[in-house]
Amino acid sequence: MATPHHNINAIHTAFGYQQRVPEDVPPFSSPVLAGGTYWLYTFEEEGVYDYVCSPHEAFGMAGRIVAGSATGPGAEPIDMESEDEQARPPTLTAALVLSDEALDPERIVEEGSVSWDGVADESKQLLIEIRGGEEPVSHNSHE
Ligand SMILES: [Cu+2]
């Protein structure tokens with residue numbers, strides 16, 4: 001990673017999310033990494049893997065990797081209406097990014113990769129506003 005303080009955190013029920021990695025995959029997460037370092041993970045099961053960077057999830061730092069074919073729970077649309085606090089959707093802008101059509105799993109398979117520039121600006125909008133000394137204010141306007 002080029003800059004510090006990022007990690008990889010699977011969108012997995014063990015972390016309180018609705019499952020967005022293949023069903024048989026154990027939960028996985030990297031440590032928060034220093035700049036210039038890396039972390040290795042081997043994809044053992046075929047399917048869609050959604051993940052977020054825990055410190056920056058609300059800001060849209062999320063990703064999708066398709067190992068083999070676009071299958072499994074991550075191939076389905078994110079359930080934004082879920083009221084199950086033990087199975088919540090990805091948070092705020094991460095949910096927008098992962099719902100953007102640029103990250104359609106079949107498209108990722110076809111094109112091999114999708115660039116950040118391919119994600120629509122409105123999917124990158126911040127849904128929280130941080131002002132000096134105040135708590136973040138929710139502007140959860142996409143529901
Ligand atoms: Cu990050």
Side-chain angles (χ1 to χ4, degrees), residues 1-68 70 72-82 84-143:
M1 295 187 179
T3 58
H5 315 308
H6 304 291
N7 82 339
I8 297 284
N9 194 47
I11 312 245
H12 193 288
T13 53
F15 301 142
Y17 292 106
Q18 50 194 241
Q19 183 85 356
R20 295 198 58 79
V21 297
E23 293 289 355
D24 294 337
V25 170
F28 63 91
S29 62
S30 79
V32 174
L33 297 166
T37 61
Y38 59 90
W39 178 75
L40 297 175
Y41 176 81
T42 302
F43 296 86
E44 305 271 10
E45 302 286 337
E46 190 165 39
V48 176
Y49 291 71
D50 280 1
Y51 61 90
V52 293
C53 167
S54 300
H56 304 120
E57 176 178 3
F59 303 102
M61 193 175 287
R64 173 170 294 149
I65 288 173
V66 183
E76 302 299 320
I78 293 172
D79 178 9
M80 293 305 298
E81 307 302 316
S82 172
D84 183 351
E85 291 186 7
Q86 301 302 310
R88 68 187 190 282
T91 303
L92 298 167
T93 305
L96 298 185
V97 169
L98 291 169
S99 297
D100 191 280
E101 63 183 17
L103 272 67
D104 176 77
E106 296 286 359
R107 179 175 169 176
I108 293 171
V109 170
E110 284 167 24
E111 299 189 12
S113 66
V114 172
S115 77
W116 180 245
D117 288 342
V119 177
D121 286 343
E122 67 176 32
S123 297
K124 300 173 184 173
Q125 66 179 305
L126 294 184
L127 302 173
I128 55 171
E129 193 174 304
I130 298 174
R131 304 190 197 103
E134 294 180 28
E135 292 294 311
V137 177
S138 176
H139 291 294
N140 203 344
S141 59
H142 65 289
E143 293 184 351

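Heavy-atom basis, side chains included; hydrogens, waters and symmetry copies ignored. Ligands are counted one by one from 1 in listed order, and the atoms in each one are counted from 1 as well.
- Under the side-chain contact (heavy atoms from CB on, under 4.5 Å) test applied with Leu98, the options Leu103, Thr93, Val119 reduce to a single match, Leu103.
- Neighbouring protein atoms of the Cu ion (ligand 1) (N, O or S, distance under 2.8 Å, waters ignored): His6 ND1, Cys53 SG, His56 ND1, Met61 SD.
- Put simply, the side chain of Ile8 does not reach to within 4.5 Å of the side chain of Tyr41, judged on heavy atoms.
- Other residues, nucleotides and ligands contribute over 12 non-hydrogen atoms within 6.0 Å of the CD atom of Glu111.
- At a threshold of 4.5 Å between non-hydrogen side-chain atoms, the residues Pro89 and Met80 count as touching.
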Let me have the donor-acceptor pairs involving side chains of residues 42-49, under 3.5 Å, with sequence neighbours excluded, atom names and distances please.
unit_1, atom_1, unit_2, atom_2, d
Glu46, OE2, Ser69, N, 3.3
Tyr49, OH, Glu45, N, 3.3
Tyr49, OH, Glu45, O, 2.6

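- By the 4.5 Å heavy-atom criterion applied to side chains, Leu33 and Tyr38 are not counted as neighbours.
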